[in-house]
Amino acid sequence: MIQSNDKSNGHMKEAKLPRRDWILMPMLSLLTIGLMIGSAELIADRMNPVLRDSLKPMSQCLIMSVPADGYSALPDSDCWDKELEAPVEIEYRFNSCGHRAGMECGPKPPGNYRIVMIGASTAFGFSVPREKTIAALLPTKLSLQTGRKIELYNESMLSRHPSVVPKHFDEVVAASPDMILWVLQPTDIENESPEKAWEPNSAKTGFWARAKIRIKVLFMTESIPDAVRHLWNRGVAVFDETAPVVQLQFLLEKAFYEDPRLYMKHYLMGGGDSGFMQLQTNADWQNRLRYFDRDAADTLGRAKAAGVPLVVVLLPNLPQAIMISMGEWPEGFDPYKLDRELRTIVTSHGGTYIDILSDFRTIPNPERAFFPWNPHPNADGHAIIADLLTKRLTSGTISALKVTSQTQAEFEKGK
Amino acid sequence: MDTASFQFVLFGLVAALVSNLSRSRIWRSIVLLLTSLVFLGLLAHNPIVFLPLAVFLLLGYITHVILQRGWTRSVGWILCPVIFGYIWLKKYTFLPEAFLSCSPYFTLGLSYIFFRVMHLLIETGDTSEKRRVGLGAYLLYTLNFTTFISGPIQRYDEFARDQIASDPIPLGPRVIGLQLERIIRGFFKVNVLAMLFHLVQEDALAQLFHPLPLSFRLYAAFKLAVVYPLFLYANFSGYIDIVIAMARLMRVRLPENFDRPFSASSVLEFWTRWHITLSTWFKTYVYNPLLIALMRRISLRVMEPLLGVFCFFVTFFLVGIWHGRTSEFVIFGLLTGGGISINKLWQLGLTRAIGRQRYKALANDFVYVAFGRGLTFIWFAFTLSWFWADWKQIDRVFAALSVVQWLGVWLAAWLCATVVLASWEWLFAALLSIRSLEGPVLTSRYVRVVYASALGLIAMVMTALLNQPAPDVVYKAF
């Protein structure tokens, strides 16, 4: 490094800067930044050929007509995606109702016990071939355990966080479920926001009116520093999604976070994301839980009205799974905290809550069950989760799925 | 605020901006004092915790007034309460626990305040011309937020020359540009380089204890051996770059604290390039007086070089133990003092054995210098084991491999450091030799703009990506 400071430090008169430098130097700076960003984008594209040209990318199958409703998939569409860590390109085939269900939508075959699964990316099976997802594995395992014909109809969708779920509840009821399984992850709660209170207006008004509402919501429900932080985090999130940044982050995490303890330590240092595990009161997360309470009440109320039992489960994220598996975590954190809070909320609204977090104590090296960079479980993770769900669902929590010596015929007869 | 964070940089830039609204000495002093007080307020919200520090500062000022009034016959005794006050506040572990205060109080920056106060007192006691330092100037000098956390240790006369001068030093676009570039460079060093080196060290530490094949653990040990000096340099010199540039924007020149330390080809030279203001302070107020005192008592000429070696040992032993309050730092001090004394003995012995001329020729030999540079780096890295680790960690680290394996690791690290540092020196010299009419192209303002923009962009991306608080400045703990 060059240590020299200004040589004209003393009282000697400083030489005047040539006039051309006032233009040349800012231009040089902009050119450097532009070149770096441009070349980083090019290198990232070369290093990570996202998808073959012949395949239709995921973005062409997803629609978002009203932002408040979140994503939906085009009926009868077939798209592909390739994430950095995923070994192969993944196919996402949607049925005529726009669900990645692995079956056609419509009435269930007589005698079958149908579970409709709702949730966001993990339940959707993001970056995992459909036949290896929870949605594909769970009914087979449940059928084997219970001796009944159990099918699972997957209505999960990317970014279908709790605030969006009630919007699509009619589709859930239309699938005539015997049980609804709502799969949550910490990111679902992290994405909770106060915007729902304004949603009836936001759907109908124009861009400027909606922008005004957004600002109003932002500053009415949060303090100004929180609102500024919120905006900054959104900006960072957009920036984080650019190709070179994704590539760089992937390389960094691969290089430095191979050791699960290190990964956990640095994740916890990150602050915001790990707030749901902090024992000390975290205002952001308290607000998010309040919004979840509102959405859970809405969703569970609809399920109750439809007369269908709704079972909620929280899946851990990678640092949480590491902490539980190792059985140790730093002071001031508790990986079970969110689990307890969600259980209280769900049961207070009459829902059923099952806990699989504690079962991760028996899972060695849980880091192998998750993609290293994107926070989702990989195929191994889906298999583990399907096993744990089978164990919990058949343990008696749901009477219809309780393991008994009854056969399918006896079930049908009893019905 | 006590880290090289974006907020700290912004705070310094705003302070510099406000300070430059007027060239008046009074205005600049008011701004510096207020910003320093605000800075302290941001570090701790409860004013009570500052009470011991305030009493210490007051004690220092009263001592200064006593000395300034001519009570200089027993300077040593007069300084004792200040030294004792410092040791008590720092809670050195050799003091009985019952004797220490249980209630928490603010000690951040105390060592650097102590050095400044001691310098002021010794100079006041020593000089025949008694200079009066007002309470305002004293507070400005001791609480200056740019040097508060980790130095550099500035002399009072240098501070007064710039801060209290009626005609402040010029600050034009060239100087501003240079300082902004230096802030970006410092920010990059702390928030990117130091962060990455720290991750490598943590990773190596974890791998060393894993049941991995021997080759993996040897590689982890190698990384562990070499990475900490790089981390410490990036962390500390980066922070110093930021504060020097901030102070210059406030029209105060702070002394340099680093001068490419890993270019040093001997331990003796290394300490003239690393934490310069600390080693200069110790040379001025420990080495020189001790050597003079010993030479007065022992007048044998043949003993003179050995007295120098002894004084070097004492001085750098004190430099070492200053860094911490625990027994690990006694070893660090012994190794630092021992290393520098052995280096001096080697110089003396070799000069006696082959003659002054041949020694000079050898000291300029490329291969000798390169191996000397590698050895200096590795010795420093080795001594730092007692700097970053506690006894438990040290035991675990050294027990992870056999003695022979560790010797192999350190030998490989020496050879590697020799080659890498020699290549770096060659590359640096080659780049500097490319010159335009105005001087080396590498240091021209155009090239500085280019790499400042690049480093700034990388620092921003990495800061956002890692999404972690700015790493602590290691030297703030001392």
Side-chain angles (χ1 to χ4, degrees), chain A residues 1-18 21-22 24-37 40 232-233 235-237 239-240 242 244-246 248-250 252-253 255-263 265-274, chain B residues 162 165 167-179 182 185 189 193 196 199-200 202-203 205-207 210 233-234 237-238 241 244-245 248 253-254 256 258-260 273 428 432 440 442-443 445-454 456-458 460-462 464-469:
Chain A
M1 283 287 146
I2 302 157
Q3 286 290 343
S4 64
N5 203 356
D6 57 320
K7 301 256 162 54
S8 58
N9 252 344
H11 283 70
M12 275 163 62
K13 210 172 171 190
E14 189 186 317
K16 235 182 164 183
L17 207 62
D21 281 4
W22 289 97
L24 194 61
M25 299 214 307
M27 291 295 285
L28 258 178
S29 177
L30 285 176
L31 189 69
T32 308
I33 292 169
L35 270 173
M36 283 182 71
I37 293 173
W232 166 259
N233 288 340
V236 169
F239 161 82
D240 276 357
T242 58
V245 171
V246 167
L248 182 63
Q249 193 165 18
F250 176 55
L252 274 177
E253 297 204 357
F256 294 112
Y257 297 148
E258 269 181 25
D259 183 76
R261 280 167 204 268
L262 271 188
Y263 177 82
K265 188 177 157 195
H266 286 276
Y267 173 82
L268 296 180
M269 273 169 71
D273 289 359
S274 59
Chain B
D162 291 346
D167 183 22
I169 54 170
L171 185 69
R174 272 177 199 263
V175 178
I176 293 173
L178 280 170
Q179 306 320 312
R182 192 164 187 179
R185 193 170 3 121
K189 278 191 202 172
L193 283 184
L196 293 180
L199 286 174
V200 172
E202 281 194 317
D203 191 40
L205 205 55
Q207 280 182 7
H210 273 190
Y233 173 70
S237 78
D241 279 336
I244 287 181
R248 182 63 185 88
R253 286 165 291 176
L254 295 183
E256 291 293 340
F258 293 92
D259 178 18
R260 305 180 61 238
R273 291 167 171 267
F428 191 67
L432 280 180
L442 188 66
T443 55
R445 57 185 176 279
Y446 303 113
V447 174
R448 280 172 189 268
V449 163
V450 169
Y451 73 67
S453 307
L457 182 68
I458 294 169
M460 274 180 63
V461 171
M462 293 288 281
L465 265 186
L466 292 173
N467 186 29
Q468 283 174 16

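Bear in mind the structure is a predicted one, so any value in this text is a computation, not a measurement.
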Which atom of B:V449 lies closest to which atom of A:M25, heavy atoms considered | CG1-O, 3.4 Å
Taken in chain and number order and not counting sequence neighbours, the residues that satisfy side-chain contact (heavy atoms from CB on, under 4.5 Å) with A:I33 are A:S29, A:I37, B:S453, B:L457
Side chain to side chain donor-acceptor pair (under 3.5 Å) partners of B:R273, counting only residues at least two apart = B:E269
Quick one: does B:Y446's side chain get under 4.5 Å of A:D21's, heavy atoms only?
-> yes
Residue A:L24 versus chain B: region with a heavy atom under 4.5 Å = side chain
